[in-house]
Amino acid sequence: VTLPLGFVLLAQNMNSSNPLVRKAIDYVCNIRGLSEDDLWYFRFGISDEYRYKNRVIMPSFDAFGKLNYFTARTRDNAVDPAWKYFNARCKKTEIIFNELHIDWAKPLTIVEGPFDITKCNQNAVPLLGSTIKTGSLLFERIVENRTPSTIVLDAGEHKKTRQIAELLTRYDVPVWTANIAERGVDPGSMTKEHFEQHLTTRKKWDSMRRLTDLL
């Protein structure tokens, strides 16, 4: 995996007059609600390569600090959903997004996409989708460490939340779920404060919860 040509970090160019840089910073900070510290932490950047010209790029690094993935999101929310993200070409089951930041001995927050983790606590990981497979590296890490995990998927993904909770508890992983359906938004659209407040409503997934969830 290599980053797009001409990749530059936004955090290193906060005072740039380059219109592409200014628009990207405005999108990340004013529209997505992130701070300059977030720009450094997540290493947001842009590229002047044509296909990435109007996109914000978020790179990912493995446990050893080696680039293993990136996603490039358009700044135009009106674009066809099929074209909203351009991603690195690799098998998602073989990578963990920004594993460099994860402590498997501490409680983990599981969300769907990379932009969702920008509103979470620092020990968070995206599925790069809405499911988790038993053969994936992420699944193996969680199970081998029995990492306490809280699942927070987008509104409307209740069934997939239940499936992931069932799968992980089958391997003795402590699991909690937090339903954001009442907010009608995905975690990436919430403020950090609202997301943190929402986590306090999480519920332990156990035999009783499983039964009531089916009723």
Side-chain angles (χ1 to χ4, degrees), residues 1 3-4 6-48 52-77 79 84-88 95-104 106-129 138 149-155 178 180 183 185-200 202:
V1 176
L3 288 170
F7 177 85
V8 295
L9 287 170
L10 294 180
Q12 288 183 327
N13 294 273
M14 295 299 290
N15 298 316
S16 172
S17 59
N18 183 320
L20 290 179
V21 174
R22 298 310 319 161
K23 289 178 180 178
I25 291 175
D26 178 69
Y27 173 78
V28 175
C29 294
N30 297 327
I31 297 178
R32 303 296 297 199
L34 303 182
S35 66
E36 184 175 347
D37 286 344
D38 293 323
L39 296 187
W40 283 110
Y41 186 77
F42 294 108
R43 305 171 185 86
F44 283 108
I46 63 165
S47 165
D48 56 9
Y52 299 102
K53 197 170 184 180
N54 295 310
R55 294 174 179 272
V56 174
I57 300 168
M58 189 177 181
S60 164
F61 300 86
D62 66 17
F64 303 99
K66 180 180 178 181
L67 181 75
N68 63 358
Y69 188 77
F70 70 83
T71 186
R73 191 196 192 284
T74 179
R75 292 186 274 103
D76 182 5
N77 286 325
V79 75
K84 187 173 289 187
Y85 292 94
F86 288 163
N87 301 316
I95 67 108
I96 295 172
F97 195 92
N98 272 344
E99 186 176 7
L100 183 70
H101 293 166
I102 299 173
D103 183 343
W104 300 105
K106 294 182 178 180
L108 182 71
T109 303
I110 300 174
V111 292
E112 290 189 33
F115 273 82
D116 292 334
I117 64 173
T118 65
K119 302 304 175 67
C120 302
N121 51 53
Q122 291 188 341
N123 215 44
V125 66
L127 295 170
L128 301 178
L138 176 58
S149 300
T150 299
I151 306 167
V152 191
L153 303 190
D154 293 358
I180 63 172
R183 293 185 180 273
V185 295
D186 61 85
S189 299
M190 301 169 75
T191 65
K192 292 182 180 181
E193 291 74 21
H194 285 164
F195 186 87
E196 193 64 31
Q197 290 171 9
H198 186 71
L199 280 185
T200 64
R202 69 178 189 162

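- Atom NE2 of residue His198 and atom SG of residue Cys120 lie 11.0 Å apart, to the nearest 0.5 angstrom.
- Closest heavy-atom contact between Pro187 and Phe195: CB-CE1, 3.6 Å.
- Residues Ala24 and Ile46 come closest through the heavy atom pair CB-CG2, 3.4 Å.
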Checking side chain to side chain contact (heavy atoms under 4.5 Å, CB included) for the pair Asp116/Val152: CA distance, chi angles, key distance, verdict?
CA-CA 10 Å; Asp116 292 334; Val152 191; over 6 Å; no
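- Side-chain contact check for Ile117 versus Val125: every heavy-atom pair is 4.5 Å or farther apart.
- Minimum interatomic distance between Lys53 and Arg75 (heavy atoms only, all atoms of both residues): O-NH2, 4.2 Å.
- The closest side-chain heavy-atom distance from Cys29 to Leu39 is below 4.5 Å.
- A donor-acceptor pair is defined here as one N or O able to donate and one able to accept, closer than 3.5 Å; no such pair exists between the side chain of Asp62 and the backbone of Asn68.
- When side chains are defined from C-beta on, Thr118 counts as touching Met58, because their heavy atoms get closer than 4.5 Å.
- Heavy atoms only, all atoms of each residue included: Pro59 and Arg43 are closest at CD-O, 3.1 Å.
- Contact record, Val1 with Ala88: CG1-CB, 4.0 Å, taken as the closest heavy-atom pair.
- You'll find the side chain of Trp104 reaches within 4.5 Å of the side chain of Ile96, heavy atoms only.
- For the side-chain hydrogen bond (donor to acceptor under 3.5 Å, both in side chains) criterion with Asp38, the lone passing option out of Lys192, Lys119, Arg32 is Lys192.
- Taken from OG1 in Thr71 to CZ in Arg55, the straight-line distance is 8.5 Å, to the nearest 0.5 Å.
- Between Phe44 and Phe115, the ring-plane angle classifies as tilted under the 30° and 60° cut-offs.
- You'll find the side chain of Leu3 stays beyond 4.5 Å of the side chain of Ser47, heavy atoms only.
- Remark: Leu138 CG to Leu128 CG distance equals 8.5 Å, nearest 0.5 Å.
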Using atom types as modelled, flag every donor-acceptor pair under 3.5 Å from a side chain in residues 7-18 to any protein atom, sequence neighbours excluded.
residue	atom	partner	partner atom	Å
Asn13	ND2	Leu9	O	2.7
Ser16	OG	Asn18	N	3.0
Asn18	OD1	Leu20	N	2.8

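- From Asp76, atom CG reaches atom OH of Tyr27 across 9.5 Å, with rounding to the nearest 0.5 Å.
- Residues passing the ring-ring contact (aromatic ring centres under 6.0 Å, His included) test with Phe42: none are found, sequence neighbours excluded.
- For Leu199 against Thr109, the heavy-atom pair with the smallest separation is CD1-OG1, 4.2 Å.
- In this structure, CZ on Phe61 lies 14.0 Å from OH on Tyr69, to the nearest 0.5 angstrom.
- In this structure the side chain of Ile102 never reaches within 4.5 angstrom of the side chain of Asn98, judged on heavy atoms.
- Counting non-hydrogen atoms of other residues, nucleotides and ligands closer than 6.0 Å to NZ of Lys106 gives a total of 12 or fewer.
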